[in-house]
Amino acid sequence: MAGHRAHRFGASSETAEQLQLALETSEIAAAAMTARMKLPDIEERGKPKRRPIPDHIPRMEVELTPGADACADCGGRLRRIGEDVTEELEYVPGRFIVNRIVRPRLTCACCERFVQAPLPSRPIERGRPGPGLLAHVLVSKYADHLPLYRQNQWVRWSTAGSCPRLPRPSGSRARGSTRCGSPRPPKAR
C-alpha cells in the first residue's frame, strides 16, 4: 500500500500539464490580488482650483502673436496647434472689466519648432488682478483711508448683488497690497 501511495502521489507522478495549470492558477490569483490592492489614481490635491471670473463681466480680448509668420530656423510655415488664455480682472473707473490675453501656440511644419509670444509683465506674477485694480485698491486704502473690508462692501454694493463671487477676501487684498508695496527684481531665466 505504501508503494502504491508513493507511485500515485509522489513527486515523479506530477506531469507537465499539472505544473502548467498550477502556474496559471497562481498567476490569476496574484493578478486579482494586485487589482484589489491597486490604489486609485492620485489627483493633485495640494493645488486649489480657482473659480472662473463670472461671465457677465465685459471682456476685452487681446491676441499676442509672435512677430514672424515663418519659422526662424528653417523658414517653414507656422501652424496653430492651440492657445493659452490668461484672464486678468481690471478696474476702469466705474466698472470692472476682464482683460482676456490669448497667446496662440504655433509650431513649424518642417522642423517642429515651438513658438509662442511671451506673456506681458504683470504686477503680481500669476495673479488675477490687473494694474488698474491694484492701483484702485492701494489708493483707496492709503490715500482715501478706506479699509479692505469696506472696499469689499463697496464692491458688493456697486455690483448690486449681480456678482457675488467678484469680491476677494480681505486676506487676498492684503497680500496683494503688500506685494505691490515691495517690488522685486525680475527673475533671471
Side-chain angles (χ1 to χ4, degrees), residues 39-69 78-108 112-189:
L39 297 174
D41 294 336
I42 298 173
E43 297 177 8
E44 287 188 33
R45 292 183 183 148
K47 286 187 171 182
K49 302 257 182 187
R50 289 183 177 176
R51 283 186 266 169
I53 298 175
D55 292 334
H56 70 278
I57 299 175
R59 279 161 169 66
M60 188 173 74
E61 189 163 319
V62 177
E63 186 166 323
L64 302 177
T65 57
D69 292 339
L78 294 175
R79 62 186 171 128
R80 189 179 193 137
I81 58 171
E83 62 184 18
D84 289 335
V85 178
T86 304
E87 288 190 339
E88 166 180 271
L89 185 62
E90 189 65 71
Y91 180 75
V92 177
R95 62 190 162 94
F96 290 97
I97 61 168
V98 175
N99 288 335
R100 194 166 189 267
I101 302 167
V102 179
R103 298 181 306 143
R105 281 181 260 151
L106 306 171
T107 185
C108 178
E112 297 182 9
R113 181 173 185 244
F114 177 79
V115 180
Q116 186 174 30
L119 191 63
S121 66
R122 302 171 75 184
I124 297 178
E125 200 65 34
R126 293 179 13 216
R128 278 197 174 163
L133 179 62
L134 289 173
H136 176 72
V137 168
L138 292 174
V139 167
S140 296
K141 181 177 180 180
Y142 294 111
D144 299 339
H145 306 290
L146 191 64
L148 298 175
Y149 79 93
R150 291 290 297 257
Q151 290 184 35
N152 279 339
Q153 290 174 355
W154 175 82
V155 168
R156 276 193 221 109
W157 175 80
S158 67
T159 56
S162 64
C163 189
R165 293 188 300 184
L166 184 60
R168 298 175 355 185
S170 347
S172 297
R173 283 184 194 255
R175 279 191 301 278
S177 63
T178 56
R179 286 181 188 166
C180 286
S182 58
R184 296 182 193 144
K187 293 180 183 178
R189 292 184 189 220

Looking only at heavy atoms, what is the nearest atom pair of [X] and [Y], with distance?
X: I57; Y: F96; result: CG2-O, 3.5 Å
X: L64; Y: P104; result: O-CD, 3.0 Å
X: K141; Y: Q151; result: N-NE2, 3.5 Å
X: E90; Y: G130; result: OE1-CA, 3.5 Å
X: V102; Y: R80; result: CG1-NH2, 4.2 Å
X: P66; Y: A117; result: N-CB, 4.1 Å

Report task. Using a cut-off of 6.0 Å, state whether more than 12 heavy atoms not belonging to R59 lie near its atom CZ. Result ->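 Result for CZ/R59: enclosed.
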Indicate yes or no for a side-chain donor-acceptor contact from [X] to the backbone of [Y] under 3.5 Å, with no hydrogens or angles considered.
X: R128; Y: E88; result: no
X: E61; Y: N99; result: no
X: Q116; Y: R103; result: yes
X: T107; Y: R113; result: yes
X: R126; Y: I124; result: no

Query raised in the report: If you round to the nearest 0.5 Å, how far is CG of L138 from CG of D144?
Result: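 Reported value, rounded in 0.5 Å steps: 11.5 Å.
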Query raised in the report: Between atom CZ of R105 and atom CD of E83, what is the distance when rounded to the nearest 0.5 Å?
Result: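 If we round to the nearest 0.5 Å, R105:CZ and E83:CD are 8.0 Å apart.
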Report task. Indicate the ring-plane relationship of H136 and W154, choosing parallel, tilted or perpendicular according to the 30° and 60° boundaries. Result ->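 Because their plane-to-plane angle lies in the 30° to 60° range, the rings of H136 and W154 count as tilted.
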